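What follows is one structure encoded as structure tokens, with my remarks underneath.
All of these numbers come straight from a predicted model, not from anything done at the bench. Proteins come first, then strands; the chains are lettered A, B, ... in the order of their sequence lines, and each starts at number 1.
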Amino acid sequence: MPELPEAEYMVRRLREAAPGVRITKVRVLRETVAEGALVKGALGGVTSYARRAKNVLIHLETGWTVRIQLGMTGHVYPVGQAGEWPRFTRVAFVLEGGGALVFEDARTFGTVSAVRTEHLAEVLAEYGPEPLDAGFRWQDLRAAAWGLRQEVKPFLMDQRRVAGLGNIWAAEALFGARIHPARRVDSLGEGEWKALHRSVRATLRRAIENTMKVTAGPEEFPEADLLLTRVYGRAGQACRRCGSVVERVVQAARATFYCPGCQER
DNA sequence: AACACGACCTGGTAGC
DNA sequence: TGCTACCAGGTCGTGT
């Protein structure tokens, strides 16, 4: 479930709550980690936190960067007390002075790795543009679909095309743009690309704001009803915009929600 | 190359 | 109460 907005939230929280910390020890509680040996060596002062797509990046003064792929249920957050790990802790970065940065991941789809910072760009090279970058224009979104014929929702979720959208916010962005999720990308007109581009950005911005607002504790993310989704998870309920009944279909082996009234084929 | 789809994993929960 | 079956979905590998 963590998509761009949730990853962004985690990074902002780390910046705020754990600036200038120093990692003195790495505890790997579960070998979900591809490069365990490297991760264990990821020690030293943290210079900054960043996000790329759904990755949380921890830059170290040593020239290493810890890359956290959140997977489905991953959370990274600071805790005050090292040693008493939250239930699903998989990796813990013990900090000088007693605290820790915890990576919790119930379903263990997430991964933690350490990368030489100078090689980070290559490692992340497959990701498409960041949709919230100031330079990301509607033409870029359309260009990302050049030569493709697939359905627009799987397209939006393909990290190589545009980074950061997952199942929830892809559905929400399509609702905002009034585009049916099964429309083929090569059938979208200029006006639809503009609307989609606008909606992707607005949806993600709203999701970040909302997450900042309603997230109570470090590891607690909004329940479905607090996500303020307009179609996701609302099958059988009335569309808030037109009153039609929101539908759930399976697309690319994923649940897709849309309003048949607002999003015509 | 593009695309669809299943596997991976495990906790939560609906249903019996 | 306790058990089973199924669902969630990001990412990767496979087959067409």
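- The residue from A/R183, A/R142, A/R178 that alone fulfils the salt bridge (charged side-chain N to carboxylate O under 4.0 Å, His left out) condition with A/E192 is A/R183.
- The interatomic distance linking A/R184 (CZ) with B/dC3 (C1') rounds to 9 Å, in whole Å.
- Donor-acceptor pairing under 3.5 Å is recorded for the side chains of A/Q251 and A/E151.
- Pairs engaging residues 198-209 of chain A under the side-chain hydrogen bond (donor to acceptor under 3.5 Å, both in side chains) rule: none recorded [sequence neighbours left out].
- As rounded to whole Å, 9 Å separates atom P of C/dA8 from atom CG of A/N167.
- Positionally, the nearest nucleotide of DNA chain B for A/Q150 lies more toward the 5' end than for the other of A/Q150 and A/A253.
- A/H197 has its ring centre less than 6.0 Å from the ring centre of A/F136.
- Of all nucleotides listed (B/dC9, C/dG10, C/dA8), B/dC9 comes nearest to the side chain of A/T108.
- B/dC9 atom C1' lies 16 Å from atom CD of A/E31, rounded to whole Å.
- Regarding A/I68, its CD1 atom lies at a distance of 18 Å from the P atom of C/dG10, rounded to whole Å.
- Toward the 5' end of DNA chain B, the nearer of the two residues A/F88 and A/L148, judged by each one's closest nucleotide, is A/L148.
- The side chain of A/E3 has C/dG10 as its nearest neighbour among C/dC7, C/dG10, C/dT11.
- Distance, A/R160 CZ to C/dT11 C1': 11 Å, rounded to whole Å.
- Nucleotide C/dG10 holds its P atom 10 Å from the CG atom of A/L165, rounded to whole Å.
- Candidate nucleotides B/dG11, C/dC7, B/dT10 were compared by shortest atom distance to the side chain of A/A106, and B/dG11 ranks first.
- For A/L4 and C/dT11, the CG to P distance is 11 Å, given to the nearest whole Å.
- The base of C/dA8 lies close enough to the side chain of A/R107 for a donor and an acceptor atom to sit less than 3.5 Å apart.
- Distances from the side chain of A/A255 to the nucleotides C/dG10, C/dC12, C/dA8 place C/dA8 closest.
- Think of A/Y258 as one node in a network of Ile, Leu, Val, Met, Phe, Trp and Tyr side chains linked at under 4.5 Å; its network also takes in A/V249.
- Residue contacts shown for A/R87 are limited to sugar-phosphate atoms, with no base heavy atom under 4.0 Å away.
- Taking atom CD of residue A/Q159 and atom P of nucleotide C/dG10, one finds them 8 Å apart after rounding to whole Å.
- Regarding contacts with the backbone of B/dG6, every side-chain N or O of A/R254 stays at 4.0 angstrom or more from both OP1 and OP2.
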